Amino acid sequence: MPALPRIVRRITGPACSGLVSNLAEILAVGEAMERALALLDGGYVVAIPTETVYGLAADATNGVAVARIFEAKGRPRFNPLIAHVADLAMASRIAEFHPLSTKLAEAFWPGPLTLVLPQRAQNGIHPLVTAGLDTIALRIPRGFGGELIARLGRPLAAPSANSSGRISATTAEAVAADLGEKIKLVVDGGATPVGLESTIVKIEDGRLRLLRPGGIAAEEIEAVAGAELMRGGGGIEAPGMLASHYAPGASVRLNAKKIAGGEALLAFGRDRAEGWQDAVALRNLSEGGDLREAATNLFAYMQALDRSGAATIAVEPIPHEGLGEAINDRLARAAAPRDKIA
Ligand code: TXA
Ligand code: MG
């Protein structure tokens, strides 16, 4: 397993111009706003922190800018992107809201819920964002992203900031290690608090369909909606739905009750799988068995275990309730046969 590329902060200014490299500049949220705005305005992509995972953002109204997202990620063109907005007013200019969508937006925005809604005509969104669909995925992110969009005055298209098919990045360092040679700026907001991508819900004929489990548990959404989420069906609308996705370099073995020598172990809770002492590396998603904490740690720990060089990451069983649904979904995709990577 090769070491991660060393990340060099770009040092600018006349005295150090000889050190300028083609690696992304990393700026803390407190000092990044003007630079991020200038790049986005110029049609470039910028990696930004959101409460879920880091996003690779571009002006959603600028086709060239959006194309740069697909280029940097190596993403299949048919995968539509989430448009991130600053507030409900901006969202309503882009998509049609009915009472149920408004209720969910008011309950969960800003936050890790993405709503797939009918698009309004002439909404300014470049068709590359939606891959030509007549629906659009929208959400309001918490923190720096929300402020950035408000300042820009235009929505930002942003997939997770990782090469297509790889684990989503939850730190600026992970973004820079993966995409640092392809983008100009990573805004560093520290580790993302939720650690899993947003939950995606499609609203069709007043009914709700769960397209991707994520940072808000399905049960919480059902409680607000007063109705059950439909699951399955709907085809491959979210590529998070491609069988192999979120793949680390090592292969992944689920529901491990016994560890073979040479394996790395992704543990959960207090009880260890048999033979755990032989694991070449071990990370515990949550000693106390807390699924929210586990979600936060999932991608970073998978990356850490991948870096251990083990050929296989064995994963202890994780309960299916609450955020466990999203965690198990990501793990199942990480474990899927690699020839299914789109
Ligand atoms: O938390 C998140 O959702 C992060 C942060 C950056 O916001 N974003 C993210 O984006 O995970 P991405 O591109 O990795 O996943 C977006 C998902 C994809 O699975 C895509 O297929 C689905 O949203 N999607 C986008 N537009 C859609 C649409 N109109 N209908 C159905 N699915 C859609
Ligand atoms: Mg993604």
Side-chain angles (χ1 to χ4, degrees), residues 45-58 60 66 69-70 72-85 94-96 108-119 123 125 127-146 148-149 155-170 174-175 178-179 187 189 192-204 209-216 233-247 295-296 298-299 326 329-330 333-334 341-342:
V45 299
V46 174
I48 59 167
T50 81
E51 76 282 36
T52 55
V53 296
Y54 276 73
L56 190 60
V66 176
I69 295 178
F70 289 95
K73 280 185 67 96
R75 179 165 177 139
R77 296 264 153 163
F78 60 81
N79 283 358
L81 304 172
I82 298 171
H84 297 68
V85 293
I94 296 171
E96 286 169 23
F108 295 109
W109 285 356
L113 174 67
T114 294
L115 294 175
V116 174
L117 302 168
Q119 281 202 74
N123 61 9
I125 300 290
L128 200 46
V129 172
T130 53
L133 295 173
D134 52 12
T135 54
I136 185 159
L138 287 179
R139 83 177 188 99
I140 305 180
R142 273 190 220 133
F144 180 84
L148 181 66
I149 298 159
L156 288 179
S160 50
N162 53 275
S163 297
S164 193
R166 293 278 151 182
I167 295 172
S168 296
T170 56
V175 177
D178 183 1
L179 299 173
V187 180
T192 58
V194 175
L196 277 182
E197 302 86 349
S198 59
T199 303
I200 305 181
V201 170
K202 183 173 186 182
I203 302 180
E204 32 182 36
R209 184 180 295 281
L210 181 65
L211 294 187
R212 177 179 75 181
I216 293 182
I236 299 188
E237 276 185 304
M241 311 217 125
L242 294 170
S244 174
H245 205 71
Y246 310 102
T296 308
L298 180 66
F299 293 134
D329 170 86
R330 303 305 186 273
R333 291 175 205 291
I341 290 186

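Values below: all heavy atoms of this structure, side chains included; hydrogens, waters and symmetry mates excluded. Whatever order the structure lists them in is the order used to number ligands and atoms, beginning at 1. Please read all numbers here as calculations on a predicted model, not as lab measurements.
Residue-to-ligand polar distances keep T50 apart from ligand 1: every N/O pair is separated by 3.5 Å or more. Taking any N or O of T52, backbone or side chain, at least one lies under 3.5 Å from an N or O belonging to ligand 1.
Looking at heavy atoms from C-beta onward, R166 lies out of side-chain contact with K73 at the 4.5 angstrom threshold. Two residues are said to be in side-chain contact when any heavy atoms from C-beta on lie closer than 4.5 Å; T130 and T135 fail this criterion. Counting heavy atoms from C-beta on, the side chains of I216 and S198 never come closer than 4.5 Å. Taking the side chain as every heavy atom from C-beta outward, P118 and D134 never approach each other to under 4.5 Å.
Contacts with ligand 1 closer than 4.0 Å are made by backbone heavy atoms (N, CA, C, O) of A158 only, the side chain lying farther away.
Counting atoms of ligand 1 from 1 in the listed order, those under 4.0 Å from a heavy atom of S160 are 8 (N), 9 (C), 10 (O), 12 (P), 14 (O). The distance from ligand 1 to the heavy atoms of T135 drops below 4.0 Å at these ligand atoms: 28 (C), 29 (N), 30 (N). Every atom of ligand 1 is numbered from 1 in the order shown, and the set under 4.0 Å from a heavy atom of G55 is 6 (C). Using a 4.0 Å cut-off to heavy atoms of I200, the atoms of ligand 1 that qualify are 17 (C), 22 (C), 23 (O). Within ligand 1, counting atoms from 1 as listed, the ones closer than 4.0 Å to a heavy atom of L133 are 28 (C), 29 (N), 30 (N).
For T199, there are no side chain to side chain donor-acceptor pair (under 3.5 Å) partners at least two apart in sequence or on another chain. Applying the side chain to side chain donor-acceptor pair (under 3.5 Å) test to T170 and every residue at least two apart in sequence or in another chain returns nothing.
Selection from T130, V116, I140 by nearest heavy atom to atom 30 (N) of ligand 1 gives V116. Nearest-residue assignment for atom 7 (O) of ligand 1 (options H84, R209, K73; heavy-atom criterion): H84.
In plain terms, the two heavy atoms of A57 and I69 that are nearest each other are C-CD1, 4.4 Å. Heavy-atom minimum distance, A161 versus L56: CB-N, 3.8 Å.
Here the CG-CG distance, from L298 to L196, works out to 6.0 Å after rounding to the nearest 0.5 Å.
Residue contact check for ligand 1: K202 places no non-hydrogen atom closer than 4.0 Å to it. Taking 4.0 Å as the cut-off, L211 counts as a neighbour of ligand 1 on heavy-atom distance.
Not a single N, O or S atom of N162, from either the backbone or the side chain, sits less than 2.8 Å from the Mg ion (ligand 2).
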